[in-house]
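Quick note on labels: first sequence line is chain A, next is B, and so on, each numbered from 1. What's counted below: heavy atoms across the whole structure, side chains too, no hydrogens, waters or symmetry copies.
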Number of protein chains: 2
Amino acid sequence: MARPRKPLLSRERIVTTALALIDAEGLPALSTRRLAAELGVSGPSLYNHFTTKDEILDAVADTVMAKVDVSTFQAGGSWRAGLLDWARSYRAALAAHPHIVPFLAQGPGRRPAALKMADAAFGGMVEAGWPPAQATRICAMVRYFVAGSALGSFARGFVDDPGAYDPADYPHLGQAHLLPEHQRQVDEGAFEDGLRALVDGLALQHPARLPQPDRIQQR
Amino acid sequence: MARPRKPLLSRERIVTTALALIDAEGLPALSTRRLAAELGVSGPSLYNHFTTKDEILDAVADTVMAKVDVSTFQAGGSWRAGLLDWARSYRAALAAHPHIVPFLAQGPGRRPAALKMADAAFGGMVEAGWPPAQATRICAMVRYFVAGSALGSFARGFVDDPGAYDPADYPHLGQAHLLPEHQRQVDEGAFEDGLRALVDGLALQHPARLPQPDRIQQR
DNA sequence: ACCTGAACACCGTTCAAGT
DNA sequence: ACCTGAACACCGTTCAAGT
């Protein structure tokens, strides 16, 4: 074929197809050759639009992060409301694409959507009176909790076979084989309970609650 | 060479070498051929000891999980002490081998060390008065938090280059380029603050604190 | 500028052949 | 039982060649 008059590929089409492939078959299924086949071109064609496979993954990651909603922080409500809305939206965005979470969790790097989220969350917490060092740690712990919960289902991590849990070895796991059946309830319940606990517990750490020592803020 | 009079390989030697390779160069560096070379044998030799590469990873994963200490639960102290000690030990075990966390986080499956940990943690919480359904969710949220924190550093996720954070785009990230320098403090501080918040917040959810409705326990 | 096929150094896994 | 080399169908990436 050689060069067509109208490009067959675009960065956008590559990214969209890559994400669909990852969602459908997992990260290992995304090979450049398989992706190219899915797009109707030969393998090396992709290198006209991205210099490396990792760069494709970066673009996919930023697409996912762009779905996270941080508007509550910008609306200037309480830090509790901002944090709750952010964390829930963050988890929803990641849980929709669990196979790319290990890659995402490597941090924002230079990806604009990831940086925009970090900026809004950190800024929102600081404006709500959190010292920068604490605001940083809170952003980190939310990332931990969200990424961990989106990385893989807790409930589906247990096998669906009563015979796998010998009472002699695991006296308390007699019901564990039922977990996969209730995957959604367990995982969403755990996330909600945990998020609530986290926010309640953080409230106790807010400087407004403490006797005010003068300026030991640091970063 | 063909068959030697004394086996060159053992499951243990394979697992130890695999973990060292993963730690040193990351999960993608673990190929069966590379691992075999490291062990001084040819690629297919491994298949005399494991039926698949994934089975090797399973064994590596269980080795890591075996390091988690759940003895505080068995000592029968408070659920707070049990949870704190467990979570810290769990994180230490995983953070020592961050590259295998995405694999680990797929759940215990049939791996004995992972099941033993789940059994002790769940059992400990139930014996401390938590209804089974809540105990399950607490184990899940601890896994989320620990796996997320061990998956990758929050601080090192930011690039070490002031030029990466245009104030016009990211007004609050002016200091973000300093984060990688303080990786340990930030990540450990975030984990400790988060764990404390989680435990404090959970205390508010313990049934002993609530007016006792009669038997709405479920699982 | 944007596609192609050929080529390179890799993969995981199977299998017949050796002792 | 436990190792080997050869073979199969895959990888990511480079590059010269086409339009």
By the 4.0 Å heavy-atom rule, please label B/S31 as base, sugar-phosphate, or nothing.
sugar-phosphate
Donor-acceptor side-chain pairing of B/S89 and B/D69 below 3.5 angstrom
no
Touch check for B/L35, heavy atoms < 4.0 angstrom, all strands: base, sugar-phosphate only, or nothing?
nothing
Phosphate contact (C/dC2 OP1 or OP2) by A/S45 side-chain N/O below 4.0 Å:
no
Rounded to whole angstrom units, what separation is found between the CG atom of A/L27 and the C1' atom of D/dC11?
14 Å
What is the distance from CG of B/L46 to P of C/dT14, rounded to the nearest Å?
13 Å
DNA chain D: 5'-proximal contact among A/Y47 and B/V41 (nearest heavy atom)
B/V41
Out of C/dG12, D/dC2, D/dT13, which has the shortest distance to the side chain of A/P44?
D/dT13
Which whole-number value in Å describes the distance from A/L9 CG to C/dA1 P?
16 Å
Taking the minimum atom-to-atom distance to the side chain of A/R34, which one of D/dC11, C/dC2, D/dT14 wins?
D/dC11
Pairwise 5' ranking along DNA chain C for A/H49 and A/R33, keeping only the more 5' one:
A/H49
So which heavy atom on B/A18 is nearest to which on B/I56, and how close?
CB-CG2, 4.2 Å
NZ of B/K53: more than 12 outside heavy atoms within 6.0 angstrom?
yes
Once you apply a heavy-atom cut-off of 4.0 Å, does B/L39 come out as touching a base, just sugar-phosphate, or nothing?
nothing
B/D119 side chain to A/Y165 side chain, donor-acceptor N/O pair below 3.5 angstrom:
no
Could you tell me the separation between the CD atom of B/E55 and the P atom of C/dG12, rounded to a whole number of Å?
15 Å
Under 4.0 Å between a side-chain N/O of A/T52 and OP1 or OP2 of D/dT13, yes or no?
yes
Angle between ring planes, B/F191 versus B/F145, binned at 30° and 60°: parallel, tilted or perpendicular?
parallel
Rounded to whole angstroms, how far apart are CG on A/L8 and P on C/dC2?
11 Å
I'd like to know if the side chain of B/Q205 reaches the main chain of A/D193, judged simply by a donor and an acceptor atom lying under 3.5 Å from each other, with no hydrogens or angles considered.
yes
Please report, rounded to the nearest Å, how far the P atom of C/dC11 is from the CD1 atom of B/I56.
14 Å
Is the backbone N or O of A/Y47 less than 3.5 Å from a side-chain atom of A/T51, with the two atoms forming a donor-acceptor pair by type?
no
Basic-acidic side-chain contact under 4.0 Å: B/R137, A/E192:
no
Which salt bridge (Lys or Arg N to Asp or Glu O under 4.0 Å) pairs, counting each pair once, include a residue from residues 143-169 of chain B, with sequence neighbours left out?
A/R110-B/D161
Side-chain N,O (A/S42) to OP1/OP2 (C/dC3) below 4.0 Å:
no
Just by distance, with hydrogens left out, do A/E25 and A/H99 show a side-chain donor and acceptor under 3.5 Å apart?
no
Both A/A29 and A/T51 contact DNA chain D. Taking the nearest nucleotide for each, which residue is further toward the 5' end?
A/A29
Which whole-number value in Å describes the distance from A/N48 CG to D/dG18 C1'?
13 Å
Paired stems touching DNA chain C, three or more consecutive Watson-Crick or G-U pairs with both distances under 3.5 Å?
C:4-8 with D:12-16, C:12-16 with D:4-8
B/R11 atom CZ is separated from D/dA1 atom P, nearest whole Å, by 16 Å
I need the residues from residues 15-24 of chain A with at least one non-hydrogen atom less than 4.0 Å from DNA chain C; give them sorted by number, or say none.
none
